[in-house]
Student: 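Structure below; questions to follow.
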Amino acid sequence: MKRLGINIDHVATIRNARGESHPDPVFAAKFIKQIGVDSITIHLREDRRHIKDIDAKKICLIKGLKVNLEISTKDEIVKNAIKIKPNFVCIVPENRKEITTEGGLNLEKNKKRLKKIIYKFKKLKIRTSLFINANQKDILLSRKLGADCIEIHTGTFSNLIKLKNNYSKELLKIKKCANLAKSIGLEVHAGHGLDYKSTKILSKIKELEEFNIGHFIIGESIFYGLPKVIKNFKKVIN
Ligand code: PXP
(Lines give C-alpha, C1' and ligand atoms only; values in the text may rest on other atoms or scores of the structure.)
Protein backbone atom coordinates (compact mmCIF):
# COMPACT_ATOMS: atom_id res chain seq x y z
CA MET A 1 0.00 0.00 0.00
CA LYS A 2 1.30 3.43 -0.91
CA ARG A 3 1.03 6.10 1.77
CA LEU A 4 -0.68 9.47 1.62
CA GLY A 5 0.64 12.47 3.54
CA ILE A 6 -1.39 15.67 3.63
CA ASN A 7 0.33 19.03 3.79
CA ILE A 8 -1.79 21.42 5.87
CA ASP A 9 0.31 24.58 5.53
CA HIS A 10 -2.49 26.22 3.59
CA VAL A 11 -4.91 25.88 6.48
CA ALA A 12 -2.49 28.12 8.38
CA THR A 13 -2.23 30.43 5.34
CA ILE A 14 -5.99 31.01 5.45
CA ARG A 15 -5.92 31.53 9.21
CA ASN A 16 -3.04 33.99 8.98
CA ALA A 17 -4.84 36.04 6.32
CA ARG A 18 -7.09 37.32 9.12
CA GLY A 19 -4.51 37.25 11.92
CA GLU A 20 -7.00 35.35 14.05
CA SER A 21 -7.32 31.72 15.09
CA HIS A 22 -9.65 30.18 12.51
CA PRO A 23 -9.18 27.82 10.67
CA ASP A 24 -6.88 26.14 13.16
CA PRO A 25 -4.18 23.84 11.66
CA VAL A 26 -4.10 21.86 14.91
CA PHE A 27 -7.81 21.12 14.51
CA ALA A 28 -7.14 20.27 10.85
CA ALA A 29 -4.47 17.76 11.88
CA LYS A 30 -6.83 16.10 14.39
CA PHE A 31 -9.67 16.08 11.86
CA ILE A 32 -7.50 14.52 9.16
CA LYS A 33 -6.18 11.95 11.61
CA GLN A 34 -9.76 10.82 12.20
CA ILE A 35 -10.42 10.52 8.48
CA GLY A 36 -7.37 8.26 8.40
CA VAL A 37 -4.26 9.31 6.52
CA ASP A 38 -0.73 8.07 6.93
CA SER A 39 0.84 11.38 7.94
CA ILE A 40 0.52 15.13 8.11
CA THR A 41 3.17 17.38 6.60
CA ILE A 42 3.91 20.87 7.87
CA HIS A 43 6.64 23.23 6.79
CA LEU A 44 8.09 25.45 9.50
CA ARG A 45 9.47 28.10 7.18
CA GLU A 46 12.17 30.52 8.23
CA ASP A 47 9.75 33.42 7.70
CA ARG A 48 6.90 31.54 9.48
CA ARG A 49 4.54 32.59 6.73
CA HIS A 50 2.08 29.80 7.49
CA ILE A 51 2.80 27.22 10.22
CA LYS A 52 4.11 28.79 13.46
CA ASP A 53 6.24 27.13 16.13
CA ILE A 54 3.29 26.74 18.46
CA ASP A 55 1.25 24.99 15.72
CA ALA A 56 4.11 22.59 15.03
CA LYS A 57 4.55 21.83 18.74
CA LYS A 58 0.86 21.14 19.27
CA ILE A 59 0.54 19.05 16.10
CA CYS A 60 3.51 16.90 17.13
CA LEU A 61 1.78 16.23 20.46
CA ILE A 62 -1.31 14.69 18.84
CA LYS A 63 -1.29 11.05 19.86
CA GLY A 64 -1.21 8.50 17.08
CA LEU A 65 -0.52 11.04 14.36
CA LYS A 66 2.65 10.77 12.28
CA VAL A 67 4.07 14.20 11.54
CA ASN A 68 6.49 14.97 8.75
CA LEU A 69 8.17 18.32 9.41
CA GLU A 70 9.71 20.10 6.45
CA ILE A 71 12.70 22.19 7.40
CA SER A 72 15.53 24.15 5.85
CA THR A 73 19.14 23.64 6.91
CA LYS A 74 19.23 26.84 8.97
CA ASP A 75 20.59 26.26 12.53
CA GLU A 76 17.65 27.91 14.25
CA ILE A 77 15.16 25.75 12.34
CA VAL A 78 17.11 22.53 12.94
CA LYS A 79 17.28 23.30 16.67
CA ASN A 80 13.53 23.93 16.77
CA ALA A 81 12.84 20.72 14.89
CA ILE A 82 14.87 18.77 17.44
CA LYS A 83 12.81 20.34 20.25
CA ILE A 84 9.50 19.77 18.48
CA LYS A 85 10.29 16.06 17.91
CA PRO A 86 8.35 15.18 14.75
CA ASN A 87 8.27 11.56 13.58
CA PHE A 88 9.90 12.47 10.28
CA VAL A 89 11.79 15.39 8.80
CA CYS A 90 12.13 16.34 5.18
CA ILE A 91 14.94 18.76 4.44
CA VAL A 92 14.03 21.26 1.73
CA PRO A 93 15.73 24.26 0.15
CA GLU A 94 14.35 27.60 1.18
CA ASN A 95 14.42 30.95 -0.49
CA ARG A 96 12.66 33.85 1.17
CA LYS A 97 11.18 35.28 -2.01
CA GLU A 98 9.77 32.05 -3.44
CA ILE A 99 6.02 31.45 -3.41
CA THR A 100 6.59 27.77 -2.71
CA THR A 101 9.54 25.34 -2.75
CA GLU A 102 10.75 25.75 -6.31
CA GLY A 103 13.13 22.84 -6.70
CA GLY A 104 15.17 20.23 -4.92
CA LEU A 105 18.17 20.74 -2.63
CA ASN A 106 21.61 21.56 -3.96
CA LEU A 107 23.20 18.52 -2.35
CA GLU A 108 26.69 19.02 -3.70
CA LYS A 109 26.95 22.56 -2.35
CA ASN A 110 25.50 21.68 1.08
CA LYS A 111 26.80 18.16 1.58
CA LYS A 112 28.82 18.77 4.76
CA ARG A 113 25.99 20.60 6.44
CA LEU A 114 23.40 18.05 5.34
CA LYS A 115 25.47 15.13 6.57
CA LYS A 116 25.72 16.69 10.03
CA ILE A 117 22.00 17.45 10.18
CA ILE A 118 21.02 13.96 9.02
CA TYR A 119 23.30 12.47 11.68
CA LYS A 120 21.59 14.56 14.39
CA PHE A 121 18.15 13.29 13.41
CA LYS A 122 19.42 9.73 13.00
CA LYS A 123 20.58 9.75 16.62
CA LEU A 124 17.06 10.75 17.63
CA LYS A 125 15.58 8.00 15.43
CA ILE A 126 13.75 10.57 13.32
CA ARG A 127 13.31 9.39 9.73
CA THR A 128 15.05 11.85 7.45
CA SER A 129 14.24 12.59 3.88
CA LEU A 130 15.92 14.87 1.33
CA PHE A 131 13.79 16.79 -1.15
CA ILE A 132 15.64 16.47 -4.45
CA ASN A 133 15.20 16.90 -8.17
CA ALA A 134 14.90 13.76 -10.24
CA ASN A 135 18.56 13.16 -11.05
CA GLN A 136 20.69 10.11 -10.45
CA LYS A 137 23.69 11.97 -9.06
CA ASP A 138 21.62 13.40 -6.21
CA ILE A 139 20.20 9.99 -5.41
CA LEU A 140 23.63 8.45 -5.01
CA LEU A 141 24.72 11.41 -2.92
CA SER A 142 21.59 11.19 -0.72
CA ARG A 143 22.57 7.64 0.14
CA LYS A 144 26.14 8.69 0.90
CA LEU A 145 24.92 11.47 3.19
CA GLY A 146 22.95 8.92 5.22
CA ALA A 147 19.37 9.89 4.34
CA ASP A 148 16.65 7.29 4.94
CA CYS A 149 14.46 8.54 2.12
CA ILE A 150 14.33 10.89 -0.80
CA GLU A 151 11.34 12.90 -1.88
CA ILE A 152 11.38 13.57 -5.61
CA HIS A 153 10.27 17.09 -6.54
CA THR A 154 7.41 16.51 -8.96
CA GLY A 155 6.81 20.18 -9.81
CA THR A 156 8.09 19.99 -13.40
CA PHE A 157 6.13 16.82 -14.10
CA SER A 158 2.94 18.27 -12.57
CA ASN A 159 3.24 21.47 -14.58
CA LEU A 160 3.68 19.58 -17.85
CA ILE A 161 0.45 17.75 -17.13
CA LYS A 162 -1.43 20.92 -16.14
CA LEU A 163 -0.27 22.60 -19.35
CA LYS A 164 -1.20 19.49 -21.37
CA ASN A 165 2.38 19.19 -22.63
CA ASN A 166 4.31 16.01 -23.33
CA TYR A 167 5.46 14.59 -20.02
CA SER A 168 6.91 11.22 -21.10
CA LYS A 169 10.57 12.28 -20.76
CA GLU A 170 10.02 13.67 -17.27
CA LEU A 171 8.05 10.59 -16.25
CA LEU A 172 10.85 8.32 -17.44
CA LYS A 173 13.34 10.38 -15.44
CA ILE A 174 11.25 9.97 -12.27
CA LYS A 175 10.81 6.23 -12.92
CA LYS A 176 14.55 5.69 -13.38
CA CYS A 177 15.36 7.69 -10.27
CA ALA A 178 12.79 5.86 -8.16
CA ASN A 179 14.20 2.57 -9.36
CA LEU A 180 17.80 3.54 -8.61
CA ALA A 181 16.93 4.95 -5.19
CA LYS A 182 15.05 1.84 -4.13
CA SER A 183 17.85 -0.39 -5.39
CA ILE A 184 20.36 1.31 -3.08
CA GLY A 185 18.11 1.14 -0.04
CA LEU A 186 16.39 4.52 -0.04
CA GLU A 187 12.68 4.86 0.51
CA VAL A 188 11.14 6.93 -2.29
CA HIS A 189 8.52 9.65 -1.87
CA ALA A 190 7.04 12.16 -4.31
CA GLY A 191 5.60 15.59 -3.84
CA HIS A 192 4.88 19.03 -5.18
CA GLY A 193 2.14 20.36 -7.41
CA LEU A 194 0.34 17.01 -7.53
CA ASP A 195 -3.35 16.75 -8.45
CA TYR A 196 -5.53 13.76 -9.30
CA LYS A 197 -4.14 13.29 -12.79
CA SER A 198 -0.44 13.57 -11.99
CA THR A 199 -0.81 11.42 -8.87
CA LYS A 200 -2.65 8.72 -10.81
CA ILE A 201 0.13 8.53 -13.39
CA LEU A 202 2.88 8.42 -10.75
CA SER A 203 1.01 5.85 -8.68
CA LYS A 204 1.93 3.29 -11.34
CA ILE A 205 5.59 3.55 -10.29
CA LYS A 206 5.94 0.69 -7.86
CA GLU A 207 8.97 2.12 -6.06
CA LEU A 208 7.08 5.25 -4.97
CA GLU A 209 5.90 4.57 -1.44
CA GLU A 210 4.61 7.93 -0.24
CA PHE A 211 2.90 10.95 -1.77
CA ASN A 212 2.88 14.29 0.02
CA ILE A 213 0.19 16.56 -1.31
CA GLY A 214 -1.03 19.92 -0.04
CA HIS A 215 -2.26 22.78 -2.17
CA PHE A 216 -4.55 20.81 -4.47
CA ILE A 217 -6.15 18.87 -1.62
CA ILE A 218 -6.90 21.97 0.44
CA GLY A 219 -8.13 23.85 -2.65
CA GLU A 220 -10.34 21.00 -3.83
CA SER A 221 -11.74 20.59 -0.32
CA ILE A 222 -13.31 24.06 -0.54
CA PHE A 223 -15.75 22.51 -3.01
CA TYR A 224 -16.01 18.86 -1.97
CA GLY A 225 -14.79 18.71 1.64
CA LEU A 226 -11.68 17.10 3.09
CA PRO A 227 -13.20 13.64 3.78
CA LYS A 228 -14.30 13.21 0.17
CA VAL A 229 -11.09 14.56 -1.37
CA ILE A 230 -8.88 12.45 0.88
CA LYS A 231 -10.97 9.38 0.09
CA ASN A 232 -10.53 10.08 -3.63
CA PHE A 233 -6.76 10.44 -3.27
CA LYS A 234 -6.50 7.21 -1.31
CA LYS A 235 -8.20 5.44 -4.21
CA VAL A 236 -5.96 7.19 -6.75
CA ILE A 237 -2.68 6.20 -5.10
CA ASN A 238 -3.57 2.54 -4.67
N1 PXP B 1 6.59 17.99 -0.51
C2 PXP B 1 7.46 18.98 -0.21
C3 PXP B 1 8.84 18.62 0.21
C4 PXP B 1 7.06 20.35 -0.26
O5 PXP B 1 7.93 21.32 0.04
C6 PXP B 1 5.72 20.63 -0.60
C7 PXP B 1 5.25 22.07 -0.62
O8 PXP B 1 5.33 22.59 0.66
C9 PXP B 1 4.86 19.56 -0.87
C10 PXP B 1 5.33 18.26 -0.85
C11 PXP B 1 3.43 19.79 -1.21
O12 PXP B 1 3.31 20.50 -2.40
P13 PXP B 1 1.89 20.98 -2.89
O14 PXP B 1 1.35 21.90 -1.85
O15 PXP B 1 2.18 21.66 -4.18
O16 PXP B 1 1.03 19.75 -3.04
Side-chain angles (χ1 to χ4, degrees), residues 2-14 16 25 28-29 32 37-51 55-56 59 66-74 77 81 86-96 98-107 114 117 127-134 138 142 147-162 174 177-178 181 186-203 208-222 226 229-230 232-233 236-237:
K2 295 181 189 295
R3 299 188 303 266
L4 178 64
I6 313 273
N7 181 313
I8 57 167
D9 292 342
H10 294 294
V11 175
T13 302
I14 298 171
N16 298 350
I32 289 171
V37 295
D38 299 292
S39 55
I40 288 285
T41 291
I42 47 176
H43 185 173
L44 188 66
R45 289 189 78 104
E46 291 167 14
D47 62 12
R48 309 299 199 272
R49 69 174 71 154
H50 35 60
I51 291 291
D55 301 322
I59 290 170
K66 295 258 185 277
V67 182
N68 177 36
L69 184 68
E70 291 179 11
I71 55 165
S72 73
T73 56
K74 200 176 177 198
I77 294 285
N87 304 88
F88 318 130
V89 291
C90 178
I91 307 176
V92 302
E94 225 178 276
N95 164 7
R96 285 287 166 93
E98 69 193 353
I99 292 175
T100 179
T101 320
E102 285 165 349
L105 289 158
N106 184 336
L107 295 190
L114 284 167
I117 297 173
R127 185 194 82 177
T128 307
S129 170
L130 297 176
F131 193 38
I132 61 170
N133 294 320
D138 282 344
S142 297
D148 300 301
C149 328
I150 52 154
E151 180 162 328
I152 298 177
H153 191 293
T154 52
T156 306
F157 174 74
S158 300
N159 281 339
L160 289 171
I161 291 189
K162 281 172 200 160
I174 295 175
C177 285
L186 290 163
E187 197 179 294
V188 195
H189 308 162
H192 205 86
L194 294 171
D195 58 13
Y196 288 131
K197 192 167 178 197
S198 46
T199 306
K200 192 171 173 68
I201 296 167
L202 291 179
S203 69
L208 285 181
E209 290 180 53
E210 182 177 307
F211 290 92
N212 289 308
I213 309 174
H215 189 265
F216 183 81
I217 288 185
I218 302 300
E220 193 73 351
S221 296
I222 294 171
L226 272 172
V229 176
I230 290 174
N232 290 344
F233 265 99
V236 167
I237 66 168

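Note: hydrogens, waters and symmetry copies are ignored here, and every other heavy atom, side chains too, is used. In each ligand, atom 1 is the first atom listed, and ligand 1 is the first ligand listed.
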Student: Strictly distance-based, threshold 3.5 Å: is any side-chain N or O of Asp38 a donor or acceptor partner for the main-chain N or O of Gly5?
Tutor: no
Student: May I ask you to check whether His43 and Glu94 show a side-chain donor-acceptor distance below 3.5 Å?
Tutor: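 Glu94 and His43 do have a side-chain donor-acceptor pair below 3.5 Å.
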Student: Any ion pair linking Glu210 and Arg127 (charged N to carboxylate O, less than 4.0 Å)?
Tutor: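 So Arg127 pairs with Glu210 through a salt bridge.
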Student: Just to check, does Phe131 reach to within less than 4.0 Å of ligand 1 when the distance is taken from its heavy atoms?
Tutor: yes
Student: Out of Glu210, His189, His192, Glu151, whose heavy atom is nearest to atom 1 (N) of ligand 1?
Tutor: Glu151
Student: Look at Arg49 together with Glu98 and state whether they make a salt bridge at an N to O cut-off of under 4.0 Å.
Tutor: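 No, no charged N to carboxylate O under 4.0 Å.
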Student: Which of the numbered atoms in ligand 1 are under 4.0 angstrom from any heavy atom belonging to Val92?
Tutor: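 Counting atoms of ligand 1 from 1, those under 4.0 Å from Val92 are 3 (C).
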Student: Judged by atom type as modelled, is there a donor-acceptor pair below 3.5 Å linking the side chain of Ser198 to the main-chain atoms of Leu194?
Tutor: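 Pair absent, no side-chain N/O of Ser198 close to backbone of Leu194.
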Student: Please compare Ser158, Ser129, Gly193, Gly155 and report which has the shortest non-hydrogen distance to atom 15 (O) of ligand 1.
Tutor: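 Among Ser158, Ser129, Gly193, Gly155, the closest heavy atom to atom 15 (O) of ligand 1 comes from Gly193.
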Student: Can you tell if the side chain of Ile51 reaches within under 4.5 Å of the side chain of Asp9, non-hydrogen atoms only?
Tutor: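 The answer is yes, as the side chains (C-beta and beyond) meet within the 4.5 Å cut-off.
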Student: State the atoms of ligand 1, each with its element, that fall below the 4.0 Å cut-off from a heavy-atom position in Asn7.
Tutor: 8 (O)
Student: Counting heavy atoms only, which of Glu70, Glu94, His43 comes nearest to atom 5 (O) of ligand 1?
Tutor: Glu70
Student: Is there a donor-acceptor pair closer than 3.5 Å between any side-chain N or O of Asp195 and the backbone N or O of Phe216?
Tutor: no
Student: Is Gly214 in polar range of ligand 1, meaning some N or O pair under 3.5 Å apart?
Tutor: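 Yes, at least one N or O pair falls under 3.5 Å.
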Student: Show which atoms of ligand 1 fall inside a sub-4.0 Å distance from at least one heavy-atom site of Ile213.
Tutor: 16 (O)
Student: Atoms of ligand 1 less than 4.0 Å from His215 heavy atoms?
Tutor: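 Heavy-atom distances to His215 below 4.0 Å select 13 (P), 14 (O), 16 (O).
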